[in-house]
Amino acid sequence: MGAIQALRGTRDILPDEVKYWQQIESTARTILSRAAYQEIRTPIFEQTELFERGIGEATDVVGKEMYTFKDRGERSVTLRPEGTAGAVRSFIEHSLHAQGGVQRLWYTGPMFRYERPGAGRQRQFYQLGVEVLGSADPRADVEAIAIATNLLQTLGLKNLNLDLNSLGTPEDRQQYRDALVAFLTPYKSDLDLDSQDRLSRNPLRILDSKDQRTQAIVQEAPSILDFLGADSRSRFEKVQQLLSELGIAYQVNPRLVRGLDYYSHIAFEIQSDQLGNQATVCGGGRYDGLVSQLGGPNTPAVGWAIGLERLVLLLQQLSAAPQSMLDFYLVSRGDRAEAQALVLAQKLRQSGFAVELDLSGSAFGKQLKRADRSGALACLILGDAEAENQTVQIKWLVSGEQQAIAQADLLSNPDSLQQRLAEFRAQAAQ
RNA sequence: GCGAGCGUAGCCAAGUGGUUAAGGCAGUGGAUUGUGGUUCCACCACUCGCGGGUUCGAGUCCCGUCGUUCGCCCCA
């Protein structure tokens, strides 16, 4: 009725949900910085050409999902549909390779694709990703994978599957592609319509068609693993061996392909069985050719990206919701006490406590109700009666225990309060 | 872009052609409670996403549209 709503495929993340996003971000920061990854922040829009060249013009992402428009200077501009192209552009533009060694970068932020929205898929969506530039060592692939599994496990996720494949070199892949087309062509009329279409355009994608008849045919198709050259094969084996050394479980899935053109050699996906159609939480792989393709020096690279709204969905299914960090909830009755409560709140905050002051002006009983709901560890009650003027009652919401102490004492000994709060926080955590 | 389901208050919902649209939670106001969330009363959808149609009469049927969910597609 005239009220403006968020655009289709976009949505508001309200405070209750933001808790999960912050949990992810802070956990990621910790884990990534321990592994010497550095954050990079690149623009949300770039020249359209960057994505056309980087992701591949034949891909669906570039072909029909980009938010592309002309700016007021008639430049063709595109809202980034993924993070790798921008990070690589920045790497080249600022000659980060000149710093020598390996650059480990991570990023997070909104991405944009014009898709049909659904649970775990938005038009403005968020990814957190890493890019490791300058190492062809299989340990780089495995380290990156290990960081991803470590992050997901630390967040408490279980029942994740790691699928692994090798796409080989571009030459390996071309040979396989020819063989696959040769194999599938006689069955063309038995394939689902999408796959028939892809036979000429992007035959590898037929491998992960969900159509049952197509799947049956594909079962018998040649495997890309038989087309890997000696170098590709030994890399793939090395990666598997190193994963085993780390105790990371995986399955080789020769039908795992990537939607973006820039991948080569290792490709992987981490999937959850609890997300229905949008099962892939994390996807990535090696892209040795991308940097040079975008005009930079020949630089081997590997990376992955996590879809954050899917990760949030999984986190929300876990029982443990992120806790409120509120220490005190302040309630009062009467004019004088209200003013005192304001002053006390300020002083406690300056002493390092998290304090919410009840501003509702509601009846006292309702204030207490709100105190309970606030998640605070303790409720401070300021009364208005003469005898109560200098006294604050502390109600420990966790244990039910209650005590009255003078305001002066409350502020003169913040250490002991801090200690009590720590005890109650531990109690509340159980 | 295609196929199917759904759309009643902030939330959960009853209602399946017939006069004034149940109920619960939350919210607001008041009474009670001299202090831990009680109890009681009142208020809280001229309207059923929006627009049109059928009908004497529509939340209920039809069409369109928007939104949403699931699948296809795509992808993280």
Side-chain angles (χ1 to χ4, degrees), chain A residues 1-11 14 16 55 59-66 81-84 108 110-123 125-130 148 152 192-195 197-198 202 205-206 208-212 214 256-260 263 267-272 275-285 303-314 329 331-334 337 360-374 378-379 381-385 387-388 391 393-397 399-402 404:
Chain A
M1 224 188 67
I4 295 176
Q5 300 178 321
L7 279 172
R8 181 168 168 81
T10 71
R11 61 192 204 95
L14 299 176
D16 275 350
I55 299 172
T59 61
D60 284 317
V61 170
V62 171
K64 49 190 193 193
E65 294 180 355
M66 294 207 299
E82 52 96 59
T84 298
T108 186
M111 311 291 164
F112 304 85
R113 291 181 198 170
Y114 193 87
E115 296 185 284
R116 184 79 182 245
R121 188 169 68 182
Q122 299 290 318
R123 289 179 175 176
F125 62 103
Y126 291 77
Q127 289 190 339
L128 186 153
V130 307
L152 297 172
D192 60 280
L193 288 171
D194 286 313
S195 293
D197 188 46
R198 280 181 295 204
N202 198 350
R205 294 218 60 86
I206 297 173
D208 60 7
S209 167
K210 292 205 177 84
D211 183 79
Q212 296 226 330
T214 301
L256 172 67
V257 293
R258 313 266 55 218
L260 279 37
Y263 288 103
F268 70 93
E269 281 186 5
I270 299 174
Q271 294 164 344
S272 165
L275 283 175
N277 197 30
Q278 269 78 51
T280 301
V281 181
C282 175
W304 50 252
I306 287 176
L308 292 184
E309 22 289 280
R310 293 178 193 180
L311 187 48
V312 168
L313 285 175
L314 290 173
Y329 191 96
V331 309
S332 56
R333 52 157 34 167
S360 68
S362 314
F364 185 62
K366 291 191 176 177
Q367 291 189 50
L368 290 172
K369 203 166 172 179
R370 261 191 284 273
D372 241 8
R373 279 192 207 147
S374 71
C379 175
I381 303 163
L382 280 80
D384 213 21
E388 291 170 349
T391 306
Q393 295 191 30
I394 304 183
K395 166 70 190 163
W396 301 99
L397 295 168
S399 69
E401 166 188 345
Q402 188 161 335

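Each chain gets a letter, A, B and so on, in the order its sequence line appears, and its residues count up from 1. Just the heavy atoms: all of them, side chains too, but no hydrogens, waters or symmetry mates, feed the values below.
Base pairing annotation: B:rC46 forms no Watson-Crick or G-U wobble pair, as no partner gives both donor-acceptor distances under 3.5 Å. In this entry B:rU33 has no Watson-Crick or G-U wobble partner, no candidate having both defining distances under 3.5 Å. Base pairing of B:rG71 is made with B:rC2, judged by Watson-Crick or G-U wobble geometry with both donor-acceptor distances under 3.5 Å. Shown here, B:rA13 forms no base pair; nothing in the strands shown gives a Watson-Crick or G-U wobble contact with both key distances under 3.5 Å.
Between B:rG24 and B:rU39, the two P atoms lie 14 Å apart (nearest whole Å). Look at the P atom in both B:rG15 and B:rC61: the space between them is 14 Å, to the nearest Å. Only the P atoms considered, B:rU60 is 22 Å distant from B:rU68, to the nearest whole Å. The same atom, C1', is picked in B:rA22 and in B:rA14; the two are 6 Å apart, to the nearest Å. One P atom belongs to B:rG7, the other to B:rC48, and the distance between them is 14 Å to the nearest Å. B:rG51 sits 16 Å from B:rG59 when the C1' atoms are compared, rounded to a whole Å. Separating the C1' atom of B:rU32 from that of B:rG37 is a span of 15 Å, rounded to the nearest Å. Atom name P, nucleotides B:rC43 and B:rC62: the rounded distance is 37 Å, in whole Å.
For the pair A:Glu269 and A:Leu256, the minimum side-chain heavy-atom distance is below 4.5 Å. Inter-residue side-chain proximity for A:Arg123 and A:Leu7 is flagged as unmet; no heavy-atom pair is nearer than 4.5 Å. The shortest side-chain heavy-atom distance between A:Asp194 and A:Ser209 does not fall under the 4.5 Å cut-off. The shortest side-chain heavy-atom distance between A:Tyr114 and A:Pro81 does not fall under the 4.5 Å cut-off. With contacts defined as side-chain heavy-atom distances shorter than 4.5 Å, the pair A:Arg116/A:Arg8 qualifies. By the 4.5 Å heavy-atom criterion applied to side chains, A:Arg310 and A:Thr280 are counted as neighbours. Using a 4.5 Å heavy-atom threshold, the side chains of A:Leu128 and A:Trp304 count as touching.
Annotated as syn: B:rC46, whose O4'-C1'-N torsion sits within 90° of 0.
What separates OH of A:Tyr329 from P of B:rG37 is a distance of 17 Å, to the nearest Å. The separation between A:Leu313 atom CG and B:rU69 atom P is 10 Å, rounded to whole Å. In this entry the distance linking CG of A:Leu368 with C1' of B:rG34 reads 13 Å, nearest Å. Distance CZ (A:Arg123) to C1' (B:rG1): 11 Å, rounded to an integer number of Å. When the P atom of B:rG1 is taken as reference, atom CE of A:Met66 falls 18 Å away, rounded to whole Å.
Rounded to the nearest 0.5 angstrom, A:Ile306 CD1 and A:Gln127 CD are separated by 9.5 Å.
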Quiz item: Going 5' to 3' along nucleotides 71-76 of chain B, which nucleotides have protein heavy atoms under 4.0 Å from the base (write B), which only from the sugar-phosphate (write S), and which from neither (write -)?
Solution: SBBBBB
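Looking at heavy-atom distances under 4.0 Å, A:Ala119 makes contact with sugar-phosphate atoms alone, never a base.
Nearest-nucleotide assignment on RNA chain B puts the 5′-proximal partner with A:Tyr114, out of A:Ile381 and A:Tyr114.
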